[in-house]
Engineer: 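My questions all concern the structure below.
For the numbers below, each heavy atom of this structure counts, side chains included, while hydrogens, waters and symmetry mates do not. Everything numeric in this text was worked out from a predicted model, so none of it was measured. Just so we're on the same page: letters track the sequence lines, and every chain starts at 1.
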Protein chains: 2
Amino acid sequence: MSQLRIRSKVWLEVDGQPFLGDGRYRLLSAIQRNGSINAAARDLGMSYRKVWAQLQAMEETTPFPLMERRTGGKDGGATHLTAETLTLMKRFGEVRTRVNAAADHCFHECFAGDHDDVAT
Amino acid sequence: MSQLRIRSKVWLEVDGQPFLGDGRYRLLSAIQRNGSINAAARDLGMSYRKVWAQLQAMEETTPFPLMERRTGGKDGGATHLTAETLTLMKRFGEVRTRVNAAADHCFHECFAGDHDDVAT
DNA sequence: TTTCGCTATGCATATTTCGCACAACGCACT
DNA sequence: AGTGCGTTGTGCGAAATATGCATAGCGAAA
């Protein structure tokens with residue numbers, strides 16, 4: 001009576017280096033939504049340090065600038081994504097949705113029936 | 001001129017706990033192929049300690065015995081997978097293959113053309 | 001009773017992850 | 001000019017995790 005489920009993960013690689021996956025996708029979304037890296041970190045419940053490190057790693061493997069960061073100013077600064085990043089995210093989101101659906105489909109085909117008994 | 005590729009990963013979960021993924025699949029295969037955990041570890045270039053820890057974690061979330069371990073004897077002992085494990089692996093392998101194929105397909109559809117220029 | 005190669009595990013070390021604390025920045029308002 | 005504010009950026013120690021060495025225990029066959 002244990003629940004058997006399938007999970008799938010999709011990500012893009014640039015020259016063999018992980019580049020855009022689910023976590024980073026959510027991170028970028030949060031940045032765009034909140035207007036700053038700091039606010040995004042708080043939003044996601046992560047430390048700014050961690051988020052910053054992720055972005056750092058991400059930009060190292062990216063052939064184009066991911067975001068425009070402004071520091072200082074009345075409200076301390078801000079960050080927003082470039083147009084290229086937005087289109088990339090849109091495409092990636094599409095692929096991810098489709099692959100997840102395909103995974104569910106294959107799962108139900110191959111494991112038809114035994115969703116609680118693991119191997120019959 | 002950077003190479004953009006898609007990668008995908010599929011795994012099974014039992015009650016929300018990771019249960020069978022690609023690494024463990026290879027590990028189980030190696031055990032069956034070699035007839036012992038020790039030989040499998042050497043085969044995969046891992047330390048026995050590490051392999052053992054993985055199996056330990058795996059069996060904790062498994063509702064049925066994964067393998068039959070025999071200790072002692074002339075040749076020290078042996079380990080082989082149970083029939084349930086074998087059928088489970090077969091099904092999982094099938095799902096994984098199909099999902100990978102689906103991922104490639106979706107990728108080519110959504111990123112048609114720009115395999116080197118990331119976002120155009 | 002000895003031998004042998006395997007399973008099993010304690011423990012010290014190496015590696016990675018994590019986050020606190022603080023520096024730099026620059027616009028607005030005084 | 002000077003101060004305040006909320007960002008971005010970063011050094012560094014601590015905490016968690018991964019790793020593997022070294023060793024104990026096992027039991028059938030010789």
Engineer: Is B:Thr97 reaching over with its side chain to a backbone N or O of B:Gly93, donor-acceptor style, under 3.5 angstrom?
Structural biologist: yes

Engineer: Write down the protein N/O and nucleotide N/O pairs, taken from nucleotides 9-19 of chain C, whose separation is under 3.5 Å; answer none if there are no such pairs.
Structural biologist:
{"unit_1": "C:dG10", "atom_1": "O6", "unit_2": "B:Arg49", "atom_2": "NE", "d": "2.7"}

Engineer: Starting from P on D:dG6, measure out to CG on A:Asp43 and report it in whole angstrom.
Structural biologist: 18 Å

Engineer: Where do B:Asn100 and B:Ser8 come nearest, in terms of heavy atoms and distance?
Structural biologist: OD1-OG, 2.6 Å

Engineer: Can you measure A:Gln54 atom CD to D:dT10 atom P for me and round it to whole angstrom units?
Structural biologist: 17 Å

Engineer: Taking B:Leu20 as the starting point, is it possible to reach A:Phe111 by hopping between hydrophobic residues whose side chains are less than 4.5 Å apart?
Structural biologist: yes

Engineer: Tell me the closest heavy-atom pair linking B:Arg24 and B:Ala57, and the distance in Å.
Structural biologist: NH2-CB, 3.8 Å

Engineer: Let's see if you get this right: which residues in residues 28-35 of chain B place a heavy atom under 4.0 Å from DNA chain D?
Structural biologist: none

Engineer: So how far is it from A:Met46 CE to A:Leu27 CG, rounded to the nearest 0.5 Å?
Structural biologist: 6.0 Å

Engineer: Figure out the CG/C1' separation between A:Leu55 and D:dT10, and round it to whole Å.
Structural biologist: 14 Å

Engineer: Can you give one letter per nucleotide of nucleotides 22-27 of chain C, going 5' to 3': B for a protein heavy atom under 4.0 Å from the base, S for sugar-phosphate only, - for none?
Structural biologist: ---BBB

Engineer: Nearest whole Å is fine: how far is D:dG27 P from B:Arg69 CZ?
Structural biologist: 15 Å

Engineer: Side-chain heavy atoms under 4.5 angstrom apart, residues restricted to Ile, Leu, Val, Met, Phe, Trp, Tyr: same cluster for A:Val99 and A:Trp11?
Structural biologist: no

Engineer: What residues form a side chain to side chain donor-acceptor pair (under 3.5 Å) with B:Glu109, not counting sequence neighbours?
Structural biologist: A:Arg98, B:His105

Engineer: Tell me which pairs pass side-chain hydrogen bond (donor to acceptor under 3.5 Å, both in side chains) where either residue lies in residues 35-49 of chain A, with sequence neighbours left out.
Structural biologist: A:Arg33-A:Asp43, A:Asn34-A:Asp43

Engineer: Which residue pairs satisfy the side-chain hydrogen bond (donor to acceptor under 3.5 Å, both in side chains) criterion with at least one member in residues 57-66 of chain A, sequence neighbours excluded?
Structural biologist: A:Glu59-A:Arg69

Engineer: Could you check whether the rings of A:Tyr25 and A:Phe92 sit parallel, tilted or perpendicular, using 30° and 60° as the cut-offs?
Structural biologist: tilted

